Amino acid sequence: MDLYIPIIVLGALAFLFAAGSVAMASMTGPKRWNRARLDAYECGIEPTPQPVGGGRFPIKYYLTAMLFIVFDIEIIFLYPWAVAFDHLGIFGLVEMVLFILTVLVAYAYIWRRGGLEWD
């Protein structure tokens with residue numbers, strides 16, 4: 001447990017810094033509210049009107065998010081495997097090849113269905 005104390009302390013310091021920054025900004029920042037400040041900001045471009053209660057997002061938005069999650073999870077599994085590669089031996093290699101093949105099948109399916117097209 002002693003090895004985790006520096007990580008816990010660093011996490012606590014990061015949380016305190018983030019919370020303190022937000023608190024200080026809310027206490028010291030200007031409080032002038034106007035219509036332009038409450039409007040949505042889109043990189044200097046006039047925001048597109050949205051219906052009341054929000055609008056519907058295209059399905060491509062969700063497909064892109066799910067693709068990101070799939071490949072992010074793949075990287076999360078690849079890193080510990082690479083660290084412990086010597087200890088896993090041939091079993092670890094076979095399991096990782098099967099895992100990567102599964103992900104590649106999903107990637108090929110998405111590619112074939114046009115999920116990577118940026119219209």
Side-chain angles (χ1 to χ4, degrees):
M1 187 64 181
D2 291 336
L3 296 175
Y4 292 108
I5 290 176
I7 296 172
I8 293 170
V9 169
L10 184 63
L13 284 174
F15 176 77
L16 288 174
F17 178 75
S21 297
V22 170
M24 289 302 291
S26 67
M27 289 189 295
T28 60
K31 306 284 189 283
R32 295 180 301 243
W33 299 102
N34 56 27
R35 186 171 181 267
R37 185 171 176 155
L38 295 174
D39 225 4
Y41 182 71
E42 295 180 5
C43 300
I45 301 171
E46 286 294 321
T48 56
Q50 295 288 328
V52 177
R56 296 179 68 180
F57 285 101
I59 192 68
K60 295 270 185 185
Y61 175 80
Y62 297 106
L63 286 176
T64 304
M66 287 191 301
L67 277 174
F68 172 76
I69 290 170
V70 165
F71 292 111
D72 194 39
I73 289 172
E74 179 185 10
I75 295 301
I76 289 172
F77 283 128
L78 280 174
Y79 182 73
W81 171 75
V83 170
F85 180 72
D86 292 337
H87 302 293
L88 296 175
I90 194 73
F91 173 75
L93 179 64
V94 169
E95 290 298 320
M96 192 49 66
V97 166
L98 289 175
F99 175 71
I100 290 175
L101 284 176
T102 305
V103 171
L104 285 177
V105 166
Y107 179 71
Y109 175 77
I110 296 290
W111 189 357
R112 184 106 166 123
R113 297 281 297 194
L116 301 176
E117 299 294 326
W118 296 95
D119 295 336

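Since we're looking at a predicted model, the values are computed, not measured. In what follows, every heavy atom counts, from backbone to side chain, and hydrogens, waters and symmetry copies are set aside.
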Enquirer: Do Val103 and Phe71 have side chains that get closer than 4.5 Å, going by heavy atoms?
Expert: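 Heavy-atom side-chain distance check passes, below 4.5 Å.
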Enquirer: State, yes or no, whether a side-chain contact exists between Glu74 and Ile100 at a heavy-atom distance under 4.5 Å.
Expert: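 Touching, per the 4.5 Å side-chain cut-off.
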Enquirer: Would a distance-only check, ignoring hydrogens and angles, find a side-chain to backbone donor-acceptor pair under 3.5 Å from Trp81 to Gly92?
Expert: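 Pair found, side chain donor or acceptor close to backbone of Gly92.
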Enquirer: Is there a path of hydrophobic side-chain contacts, each under 4.5 Å between heavy atoms of I/L/V/M/F/W/Y residues, joining Val97 to Tyr107?
Expert: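 Tyr107 clusters together with Val97.
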Enquirer: May I ask you to list the residues sharing a hydrophobic cluster with Val9, side-chain cutoff 4.5 Å, ordered by chain and number?
Expert: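 Val9 shares its hydrophobic cluster with Ile5, Leu13.
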Enquirer: With hydrophobic residues grouped by side-chain heavy-atom distances under 4.5 Å, do Ile69 and Trp111 end up in a single group?
Expert: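 As far as the 4.5 Å side-chain criterion goes, Trp111 and Ile69 are connected within one cluster.
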Enquirer: When rounded to the nearest 0.5 angstrom, what distance separates CE in Met96 from CG in Leu88?
Expert: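 With rounding to 0.5 Å, CE (Met96) is 8.5 Å from CG (Leu88).
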Enquirer: Hey, what else clusters with Met1 if you join Ile, Leu, Val, Met, Phe, Trp, Tyr whenever side-chain heavy atoms sit under 4.5 Å?
Expert: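 For the cluster that includes Met1, the remaining residues are Tyr4, Ile7, Ile8.
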Enquirer: Answer yes or no: does atom CZ of Phe77 have more than 12 heavy-atom neighbours from other residues, nucleotides or ligands under 6.0 Å?
Expert: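 No, CZ of Phe77 has 12 or fewer neighbouring heavy atoms, counting only those of other groups under 6.0 Å.
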Enquirer: Could you state the interatomic distance from CZ (Phe68) to CD1 (Ile73), rounded to the nearest 0.5 Å?
Expert: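 If we round to the nearest 0.5 Å, Phe68:CZ and Ile73:CD1 are 10.0 Å apart.
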Enquirer: State yes or no: do Tyr79 and Ile76 share one hydrophobic cluster built from I, L, V, M, F, W and Y residues joined by side-chain heavy-atom distances below 4.5 Å, directly or via other members?
Expert: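 Looking at the clustering, Ile76 is in a separate group from Tyr79.
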Enquirer: Out of curiosity, does Phe15 fall in the hydrophobic cluster containing Leu10 (side-chain heavy atoms, cut-off under 4.5 Å, transitive links)?
Expert: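 Different hydrophobic clusters.
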Enquirer: List, by chain and number, the other hydrophobic cluster members for Met24, where Ile, Leu, Val, Met, Phe, Trp and Tyr join if side-chain heavy atoms come within less than 4.5 Å, directly or indirectly.
Expert: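 Met27, listed by chain and number.
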Enquirer: Mind checking the CD1-CG spacing from Ile110 to Leu67? Nearest 0.5 Å is all I need.
Expert: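 So the gap between those two atoms works out to 5.0 Å.
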Enquirer: Would you say Leu98 and Ile90 are hydrophobically clustered, going by side-chain heavy atoms of ILVMFWY under 4.5 Å?
Expert: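 Result: yes, single cluster for both.
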